[in-house]
Amino acid sequence: MSIYLYNTLTGRKEEFTPSEPGRVRMYVCGPTTYNYIHLGNARPLVVFDALRRYLEYRNYDVIYVQNFTDIDDKVINRAREEGVPVLSIAERYIEEFFHDADALNVKRASLYPRVSQHIGDIIAAIEELIRRGFAYEAGGDVYFEVEKFPAYGRLSRRTPGEMRAGARVEVNTAKRNPLDFALWKAACPGEPAWDSPWGPGRPGWHIECSTMALKYLGAGFDIHGGGADLIFPHHENEIAQAEAQTGCPFARFWLHNGFITVNQEKMSKSKGNFFLVRDIASRFRPLAVRLFLLSTHYRSPIDFDDAGLLAAEKGLERLENTRRLLNEARCHLGGAGGSTASSEKGATLAGRVEELRQEFTAALDDDFNTARALAALYDLAREINSYLAGTARPDAGVVKRVATVFEELGENVLGLFGRPQQQLDDALLEGLMDIILSIRQEARQRKDWATADAIRDRLKGLGIILEDTPYGPRWKKS
């Protein structure tokens, strides 16, 4: 099956084939490091992490690059407010970014380049743009001359008049055109600065991404991702800079996730209606937040409310319960059995699992529709639960196969069950619970009900509920 993705550049779904067989080169715009990330920042983080996971599931080697903007007006202003060096602010919030990203089970990128570490590359890129006639120096600033790049506006589908009407009003009148944008900014008092052919200064915002993407992925890389708010001007400017510099297409597919809204209004720090990921995680489990962000097609808006997160909590609990039952069944059955079914019920389940796995992949092949993929995963959980509840002795081969598929889809692709350390902790807990249940079972066989009840009550006090079933004791976290 082919993968189809909606390409913002062409305005249609297109078959995705990487330029290099077996390898995908992917760049996603990262955070400006002056604050904790909010839910709007987290959406592209989770969406493109899941896309990267799916491409790896489809046996592609993915080179995934995500930048840190550690030099920017917002970072400088925060450092000035706190009276500390700019890069110390950036370093602090990069660490906090990883704290939140880890909680959301986001895999580490292949590379995290920072603006401050690529000043030389940026200066070289600007020099090349000036040499080719696409940029000009004005009083220590350097601007990209938009009129020299006829394709400007192709990504956002805006006319020059529409773009000019939305251009920022600036005091600096040295620009030849209101749409011209800064590649290099002359130094201001109290701001960090680097030497350049145009005097001390620092990079403009847009030049960093095109420079670092070209450095690590080369021209014509496969996927450039980010939020829809970056289409104009950031991504439009990236294209202009990169293609004017190289004369080659910059990125082949442009993917953009929709906004998160609050009461139908875009969530953003500037509007003051944003919710920090760590504040939400104090009330809801981070993996439920991840599920919430994947429960809607990535190009559609999500309206944030507690009801949606509560539904995600319940959905995650359903999936985790199925995973726990599968692990229990595997433990009870031991390592016996191959990968084929030896009973009619087992064969029926095995066939249904394969159908739902195909539904899951078909959903993701069709413009990465995680909402439909989750529906298939919920259906798979229901089929598994029904089989385990209705079978006195489950088929070891089927349980082994089903558990593998469920783990592949739920964790390897969607990332819903936790990072390896969490999985190790779960395995340790399951091992300890096996020992405790064995001791309690021996007490029940001796009719030592006081000890059996004491174990049950002590576990309940720790948040673990025991259930005595015809197939043996079961436990779950409350």
Side-chain angles (χ1 to χ4, degrees), residues 1-4 50 53-60 105 287 291 294-295 314-366 368-418 420 422-423 426-427 430-431 433-434 467 469-476:
M1 293 289 292
S2 298
I3 297 173
Y4 287 83
R53 287 168 175 265
Y54 184 59
L55 292 169
E56 290 175 340
Y57 174 74
R58 294 292 300 269
N59 295 317
Y60 289 110
N105 200 18
L287 291 177
L291 191 152
L294 294 174
S295 63
K314 292 179 180 178
L316 182 62
E317 189 174 313
R318 286 170 55 194
L319 298 175
E320 288 177 333
N321 183 59
T322 299
R323 186 171 180 246
R324 178 178 59 81
L325 293 175
L326 280 170
N327 286 337
E328 285 180 2
R330 282 197 297 183
C331 288
H332 292 154
L333 294 169
S339 58
T340 58
S342 59
S343 68
E344 184 176 347
K345 280 187 176 181
T348 300
L349 177 64
R352 186 69 180 125
V353 166
E354 182 57 27
E355 289 175 4
L356 289 168
R357 187 190 65 78
Q358 291 180 14
E359 285 184 21
F360 181 95
T361 56
L364 297 184
D365 286 344
D366 184 13
F368 200 58
N369 193 328
T370 53
R372 277 178 44 209
L374 274 168
L377 191 62
Y378 287 133
D379 286 345
L380 177 57
R382 186 171 61 252
E383 297 277 359
I384 294 168
N385 293 349
S386 177
Y387 172 75
L388 293 177
T391 308
R393 180 72 180 175
D395 190 312
V398 170
V399 168
K400 179 180 178 182
R401 169 61 181 157
V402 169
T404 299
V405 172
F406 196 72
E407 195 72 17
E408 284 178 348
L409 306 187
E411 170 56 23
N412 295 1
V413 176
L414 296 183
L416 297 176
F417 299 143
Q422 291 172 296
Q423 294 174 17
D426 289 344
E430 287 175 8
M433 285 303 301
D434 283 344
E467 299 173 351
T469 76
Y471 311 109
R474 289 178 177 171
W475 64 273
K476 65 180 180 181

Novice: Are the side chains of Val413 and Phe360 in touch, meaning some heavy atoms are under 4.5 Å apart?
Specialist: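 Heavy-atom side-chain distance check passes, below 4.5 Å.
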
Novice: I'd like to check Arg401 versus Val398 (side-chain heavy atoms, cut-off strictly below 4.5 Å). Are they in contact?
Specialist: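 Sidechains of Val398 and Arg401: no contact.
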
Novice: In Å, rounded to the nearest 0.5 Å, how long is the span from CG of Leu416 to CG of Leu294?
Specialist: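 One finds 6.5 Å between CG of Leu416 and CG of Leu294.
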
Novice: State the CG-NZ distance between Asp395 and Lys345, to the nearest 0.5 angstrom.
Specialist: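 Interatomic distance, Asp395 CG to Lys345 NZ, rounded to 0.5 Å: 12.0 Å.
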
Novice: Return the set of residues passing ring-ring contact (aromatic ring centres under 6.0 Å, His included) with Tyr60 (not counting sequence neighbours), or none when no residue passes.
Specialist: none

Novice: Could you tell me which residues satisfy side-chain contact (heavy atoms from CB on, under 4.5 Å) with Glu408, sequence neighbours excluded, listed by chain and number?
Specialist: Tyr57, Thr404, Asn412

Novice: Partners of Asp365 by side-chain hydrogen bond (donor to acceptor under 3.5 Å, both in side chains), sequence neighbours excluded?
Specialist: Tyr54, Arg58

Novice: Under the salt bridge (Lys or Arg N to Asp or Glu O under 4.0 Å) rule, collect the residues that match up with Glu359, sequence neighbours excluded.
Specialist: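 Scan of Glu359 (salt bridge (Lys or Arg N to Asp or Glu O under 4.0 Å), adjacent residues dropped) gives none.
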
Novice: Do Gln358 and Met1 have side chains that get closer than 4.5 Å, going by heavy atoms?
Specialist: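 With C-beta onward as the side chain, the pair stays apart.
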
Novice: What residues form a side-chain hydrogen bond (donor to acceptor under 3.5 Å, both in side chains) with Arg382, not counting sequence neighbours?
Specialist: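 Partners of Arg382 under the side-chain hydrogen bond (donor to acceptor under 3.5 Å, both in side chains) test: Asp379.
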
Novice: Looking at CD of Glu411 and CG of Asn105, how far apart are the two atoms once the value is rounded to the nearest 0.5 Å?
Specialist: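 These two atoms lie 5.0 Å from each other.
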
Novice: Just how far is it from atom CG of Leu364 to atom CG of Leu409, taken to the nearest 0.5 Å?
Specialist: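 So the gap between those two atoms works out to 9.0 Å.
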
Novice: Is there any ring-ring contact (aromatic ring centres under 6.0 Å, His included) pair reaching into residues 384-408, and which pairs are they, with sequence neighbours excluded?
Specialist: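 Those involving residues 384-408 are Phe406-Phe417.
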
Novice: Between Ala363 and Ala373, which heavy-atom pair has the shortest distance, and what is it?
Specialist: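 The pair with the smallest heavy-atom distance is CB-N, 3.6 Å.
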
Novice: Arg352: what forms a side-chain hydrogen bond (donor to acceptor under 3.5 Å, both in side chains) with it, not counting sequence neighbours?
Specialist: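 Testing Arg352 for side-chain hydrogen bond (donor to acceptor under 3.5 Å, both in side chains), a comparison that skips the adjacent residues, returns Glu355, Glu383.
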
Novice: Could you tell me whether Lys476 and Glu320 have a side-chain N and a carboxylate O separated by less than 4.0 Å?
Specialist: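 A salt bridge is absent here (no side-chain N lies under 4.0 Å from a carboxylate O).
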
Novice: Identify whether the distance between the nearest side-chain nitrogen and carboxylate oxygen of Arg53 and Glu56 falls below 4.0 Å.
Specialist: no

Novice: If every non-hydrogen atom of Val399 is compared with every non-hydrogen atom of Ala329, which pair is closest and at what distance?
Specialist: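 Result for this residue pair: CG1-CB, 4.0 Å.
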
Novice: With sequence neighbours left out, what residues match Asn327 under side-chain contact (heavy atoms from CB on, under 4.5 Å)?
Specialist: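 side-chain contact (heavy atoms from CB on, under 4.5 Å) check on Asn327 returns Arg323, Arg330, Glu430.
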
Novice: So which heavy atom on Leu287 is nearest to which on Gly418, and how close?
Specialist: CD1-N, 3.7 Å

Novice: How long is the span from the CZ atom in Arg372 to the CG atom in Asp366, to the nearest 0.5 Å?
Specialist: 5.5 Å

Novice: For Tyr378, which residues count as a side-chain contact (heavy atoms from CB on, under 4.5 Å) partner, sequence neighbours excluded?
Specialist: Leu291, Arg318, Leu319, Leu374

Novice: With a 4.0 Å cut-off on N to O distance, would you call Arg324 and Glu317 a salt bridge?
Specialist: no

Novice: Identify, with sequence neighbours excluded, every residue that meets side-chain hydrogen bond (donor to acceptor under 3.5 Å, both in side chains) alongside Thr322.
Specialist: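 Thr322: side-chain hydrogen bond (donor to acceptor under 3.5 Å, both in side chains) contacts with Asn385.
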
